Amino acid sequence: MKKVLLFSLFLVVGLWASQIMPNLLGENYEFFKESSTMLLYVCLSFIMINVGREFEVDKSRWKSYAVDYFIAMATAAMPWILIALYYVFVLLPSDLWSSGAAWKENLLLSRFAAPTSAGILFTMLAAINLQKSWIYKKIQVLAIFDDLDTILLMIPLLIMMIGFKWQMFIVIAIVTLLLYLGWRYLNAFNMPQKWYHILIYSILVCAFTHIIYVFSNHEVHIEVLLPAFVLGMIIKPQHYCSCGEERASTTISFVFMFLVGLSMPQFVGVESSNLTSITGAQPMMSWDKIAFHVIVVSALSNLGKMFPMLFYRDRSWRERMALSVGMFTRGEVGAGVVFIALSYNLGGPALIISVLTLALNLILTGFFVMIVKKLALSVERGVN
C-alpha cells in the first residue's frame, strides 16, 4: 500500500513542480524540458516492456481467449467512452459539441481511464494470498488484455490525430509489422532480463522511434508504447524476485510518475494552458470545480469497469463483483496515455482533471483491494 501511495505522491509533486520550474529556470527551461521528456520516454518504455513480459498465452488455444478478450476490450472501452462523453458535453461549451477536432482530442485524452494497472493489481492480490482463486486467475487474463487493447486502440486514435496524410500509411505498415512479429515470436527469445538489461532495451526502443522520427524529417512519429510492448512479448519471461530487482523497477516507476506530473503545462495563474488545441484553449476552473469533476470522472471510470458483472454468469455475483472492483486500479499505463496526449498539445482543465483522477484512484487502490479480499473470503466461506 505504501508503494501505491507513493505513486500518487510522486505524480502530485511532479504536477506541483511543473508550475514553478518555468519561472525558476527561465531561459534554461526548454533544455530541462527536453531532457526530462527523453527520460520520461525511457521510463515509459521500461514499464511497457515489463507489461509485455507479462503477456503469456498459449497460442494453440487462442480461440479460448476470444471471450476474455472481448470482455477486457469492453471493460477498457466503457470508462473511455463515458469520460469522453463527459469531457465533451460537460466541460466544453455547446457550440463545440459537433466539432470533429474537439471529439478527436477528447477521445485521445479520455483514454487514460481505460487500462487497469496489472503490475500493481497482481502484486497486491498476491500479498493477500489470492493467487489460487478464480478471481486472481481471471483478473490476470483480463488486465493483460485490457492493457493490450489500450495500446492497440491508441494506434487509430493517433492516426486520427495525424489526419489522412502519407505518414499514416507508414505508421500503419510499422504497426502491422510489429504486431506480426509480436505474435509470431511470442516468448521466443531467451534474452537477459535483469532490470539494467530492460533499461538498455528501453533506451534502444526510444532510439529506434527517434531515428524514424528524424529520418522522416519529423513527419512520422511512432510512440514507444507498441514497440516496447512487442519487445516484452517476444522475450521469454524470466521473473527475478530479488529485493534489488524490485527496488530498481519501483524506483523507475516512481521517476516516471514524477516526470508525468512534471510534463504538465503551466496552468496556475494563467487563463488557459495551451492555445493550440481546443481542450487547451478552455479557461481554467476554480479548484472546487476541478475537485467536483475529479470525483465524477472517477465514478464514471469505475462504473465502466463494472462491465465483467454482465458475464461469467456461472460464477457467483460476489466473484464477478470482486473481478470488476479489481479492475478499478490505475497506474503507469494510464499516466503514459496522459503524457502522449500532452505531446499532441492537449491541455486545459480536462488534462488536470485526468491527472488528479489518476492520483485519486491510486490513493484508493488499497481500499479497492480490500473490497476484493472481503468478497473473495465470503465466497470461500460459502456466503451467498
Side-chain angles (χ1 to χ4, degrees), residues 11-12 14-16 18-19 22 33 37 40 44 76-77 79-115 150 153-163 221 223 225 259-301 304 330 333-361:
L11 181 63
V12 173
L15 182 62
W16 169 79
S18 71
Q19 303 308 298
K33 188 171 179 61
T37 298
L40 194 152
L44 178 58
W80 167 54
I81 293 170
L82 290 173
I83 294 174
L85 292 172
Y86 187 83
Y87 281 176
V88 171
F89 291 119
V90 176
L91 299 187
L92 294 182
S94 58
D95 58 322
L96 291 174
W97 290 355
S98 59
S99 167
W103 277 102
K104 284 193 298 185
E105 292 179 14
N106 284 282
L107 283 171
L108 176 57
L109 181 55
S110 59
R111 193 65 185 164
F112 84 93
T150 296
L153 194 55
M154 284 294 291
I155 295 163
L157 287 174
L158 296 179
I159 289 174
M160 189 169 60
M161 295 298 292
I162 294 172
H221 190 188
E223 300 293 348
L225 285 175
L259 290 173
V260 168
L262 187 62
S263 65
M264 296 297 111
Q266 195 171 18
F267 58 88
V268 173
V270 296
E271 293 185 358
S272 59
S273 59
N274 192 311
L275 296 178
T276 63
S277 66
I278 290 174
T279 54
Q282 300 309 305
M284 291 307 299
M285 301 175 179
S286 61
W287 285 106
D288 58 334
K289 288 185 178 179
I290 287 177
F292 171 78
H293 289 302
V294 167
I295 293 171
V296 174
V297 168
S298 297
L300 289 173
S301 173
R330 305 294 195 278
V333 179
V337 173
V338 170
F339 171 69
I340 290 171
L342 267 171
S343 69
Y344 287 85
N345 294 318
L346 307 190
L351 180 70
I352 307 307
I353 291 166
S354 299
V355 173
L356 294 179
T357 299
L358 273 173
L360 177 61
N361 275 271

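These numbers were taken from a predicted model, which means no experiment stands behind them. All values below were derived from every heavy atom in this structure, side-chain atoms included, with hydrogens, water molecules and symmetry-related copies excluded.
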A114 and A76: which non-hydrogen atoms are nearest, and at how many Å? CB-O, 3.3 Å
Any chance CZ of F89 has more than 12 other-residue heavy atoms, nucleotides or ligands included, within less than 6.0 Å? yes
Heavy-atom side-chain contact between I83 and Y87 under 4.5 Å: yes
What are the two closest non-hydrogen atoms of L300 and L82, and how far apart are they? O-CD1, 3.6 Å
Please list, chain by chain and in numerical order, all residues satisfying side-chain contact (heavy atoms from CB on, under 4.5 Å) with P22, sequence neighbours excluded. Y29, Q266
For T150, what residues pass the side chain to side chain donor-acceptor pair (under 3.5 Å) criterion, not counting sequence neighbours? none
Distance, nearest 0.5 Å, that separates CG of L153 from CZ of R111: 4.0 Å
Test side-chain hydrogen bond (donor to acceptor under 3.5 Å, both in side chains) on Y86 and S110 and set out the steps. CA-CA 9 Å; Y86 187 83; S110 59; over 6 Å; no
Pairwise side-chain contact, T37 with S263, heavy-atom cut-off 4.5 Å (strictly under): no
Closest non-hydrogen contact found for I278 with A101 is CD1-CB, 3.7 Å
Of all residues at least two apart in sequence or in a different chain, which pass the ring pair (Phe, Tyr, Trp, His ring centres under 6.0 Å) check with Y344? none
What is the distance from atom CD1 of I340 to atom CE of M154, rounded to the nearest 0.5 Å? 4.5 Å
Side chain to side chain donor-acceptor pair (under 3.5 Å) against S301, all qualifying residues, sequence neighbours excluded: R330
Would you say the side chain of M160 lies within less than 4.5 Å of the side chain of L108, judging by non-hydrogen atoms? no
For residues 93-108, the side chain to side chain donor-acceptor pair (under 3.5 Å) pairs (sequence neighbours left out) are E105-T279
A side-chain contact here means heavy atoms from C-beta on lying under 4.5 Å apart; do L44 and E223 qualify? no
Quick one, V337 and W80 - any side-chain contact, counting heavy atoms below 4.5 Å? no
Is any side-chain heavy atom of I353 less than 4.5 Å from a side-chain heavy atom of L91? yes
Ignoring hydrogens, what is the shortest heavy-atom contact between A113 and P79? Give both atom names and the distance. O-CG, 3.9 Å
Side-chain touch L351/L346, heavy atoms, less than 4.5 angstrom: no
I81: which residues meet the side-chain contact (heavy atoms from CB on, under 4.5 Å) condition with it, sequence neighbours left out? A77, L85
Listed by chain and number, what are the side-chain contact (heavy atoms from CB on, under 4.5 Å) partners of L356, not counting sequence neighbours? L15, W287, I290, V294, I352
